[in-house]
Amino acid sequence: MARILLIEDEESIRKLIAYDLKSAKHEVVLCSNGEDAKFKGLNETFDCMIIDWMLPGVSGIDLVKLFRKNNKQAIMIMLTAKDDEGDILEAFEAGVDDYVTKPFSPRELLARIGAHLKRNTAKTDAELVYEDIHLDMTRREAFIGIKLIELTKKEFDLLEYLLRNRRIVLSRDDILNEIWNFDYDGDTRIVDVHIFKLRSKLKNSAVTIRSIRGIGYVLEKKDE
């Protein structure tokens, strides 16, 4: 059972999702506007947040940015009618873990939540180290030596995945399926964008992310 914050201003959708979540034995806290959600999200602990983009008071995207800035580690799923690739990229850049477009299947939403919760439970390492890269999995902080690297939620997840599979060539589809889950409704450009940004943040490290033409990427030592 997970504790879930559901932020949705449309009453019919809010009731539908809440019913399904409670039927799945989750504890559900409801918010119908951005201001209430801001207070609850900052002052309470949740395993997962389902956040509508368009909200009165404070927008969903601004809530995500605020929660991540305050080191809130809950799984965040954006629920929205926006389906433009630019909007999706913006949401992932802000720190969401998943993106569900309206209209949606309640069963699919439950499946996505379950997959994220299962994945989080499986990650029990306190730290992950390779060469001069150190990930503190408890605080979700990344370091080059002793210097903290400022990473978004998705950049951290991506670096973790690359480190756990270091020196293994990973295809764009491998990365897409692992980091973004299920079938992302778009192409693999989202992977390339995040790899480019992550690579630039690792420029002073002893490791690099090398492009393998026509295949994908591999994280390895710079002298390999």
Side-chain angles (χ1 to χ4, degrees), residues 48 64 68 73-78 83-101 104-105 108-137 140-144 149-203 205-224:
C48 178
V64 172
R68 292 306 187 203
Q73 300 302 322
I75 298 159
M76 296 188 192
I77 299 176
M78 184 65 77
D83 59 2
D84 181 77
E85 184 176 35
D87 294 324
I88 297 172
L89 286 168
E90 180 183 358
F92 280 122
E93 182 66 21
V96 303
D97 296 280
D98 212 337
Y99 190 103
V100 178
T101 56
F104 63 93
S105 162
E108 180 186 356
L109 179 60
L110 280 175
R112 289 181 184 239
I113 293 169
H116 284 292
L117 291 171
K118 183 177 180 181
R119 180 167 300 167
N120 277 13
T121 301
K123 294 178 179 177
T124 57
D125 296 343
E127 62 179 9
L128 189 59
V129 180
Y130 177 59
E131 295 296 324
D132 59 351
I133 300 294
H134 169 217
L135 298 190
D136 183 329
M137 301 306 297
R140 289 186 63 83
E141 293 178 336
F143 299 84
I144 298 176
I149 319 169
E150 294 294 335
L151 299 179
T152 66
K153 173 68 164 57
K154 272 291 178 277
E155 287 168 352
F156 186 95
D157 292 342
L158 178 57
L159 180 55
E160 178 191 355
Y161 181 54
L162 292 169
L163 285 173
R164 291 187 185 278
N165 295 275
R166 54 188 177 269
R167 303 180 67 184
I168 298 174
V169 177
L170 301 169
S171 71
R172 289 175 175 82
D173 285 336
D174 290 334
I175 297 170
L176 193 64
N177 291 334
E178 176 66 24
I179 304 302
W180 282 270
N181 301 305
F182 297 88
D183 295 322
Y184 167 64
D185 187 18
D187 57 34
T188 55
R189 176 174 171 267
I190 193 170
V191 174
D192 298 332
V193 169
H194 280 75
I195 287 287
F196 175 80
K197 292 181 178 179
L198 181 58
R199 183 188 281 146
S200 68
K201 295 181 179 182
L202 298 179
K203 63 182 180 181
S205 171
V207 305
T208 188
I209 305 171
R210 185 162 62 92
S211 300
I212 307 299
R213 184 179 295 276
I215 301 176
Y217 301 96
V218 58
L219 184 141
E220 59 188 13
K221 291 193 295 184
K222 285 181 177 176
D223 58 358
E224 289 185 341

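Note that the structure is predicted; figures quoted are calculated from it, not measured. Note that the numbering runs from 1 along the sequence shown for the chain.
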To the closest 0.5 Å, what do you measure between [atom1] ([X]) and [atom2] ([Y])?
X: R210; Y: R167; atom1: CZ; atom2: CZ; answer: 11.0 Å
X: L219; Y: L202; atom1: CG; atom2: CG; answer: 7.0 Å
X: Y217; Y: L158; atom1: OH; atom2: CG; answer: 10.0 Å
X: I113; Y: I75; atom1: CD1; atom2: CD1; answer: 8.5 Å

Q) Do R140 and D157 meet the salt-bridge criterion of a basic N to acidic O distance under 4.0 Å? A) yes
Q | Electrostatic pair E93-K197, nearest N-O below 4.0 angstrom | A | yes
(Q) Before you tell me yes or no, could you show the steps for E220 and R166 under salt bridge (Lys or Arg N to Asp or Glu O under 4.0 Å), namely the whole-Å CA-CA distance, both residues' side-chain angles and the distance that decides it to 0.1 Å? (A) CA-CA 6 Å; E220 59 188 13; R166 54 188 177 269; over 6 Å; no
(Q) When you measure from the side chain of S211 to the backbone of R213, do you find a donor-acceptor pair of N or O atoms at a distance under 3.5 Å? (A) no
Q: Report the C-alpha distance between D97 and R68 in whole Å, list the side-chain angles of each, state the deciding distance to 0.1 Å, and finish with yes or no for salt bridge (Lys or Arg N to Asp or Glu O under 4.0 Å).
A: CA-CA 11 Å; D97 296 280; R68 292 306 187 203; 2.9 Å; yes
Q) Considering only heavy atoms from C-beta outward, does the side chain of V96 approach that of I77 to under 4.5 Å? A) no
**Q.** Aromatic ring pairing F143/H134, orientation class (parallel under 30°, perpendicular over 60°, tilted between)
**A.** parallel
Q) Is there a side chain to side chain contact (heavy atoms under 4.5 Å, CB included) between T152 and F92 once you walk through the steps? A) CA-CA 9 Å; T152 66; F92 280 122; over 6 Å; no
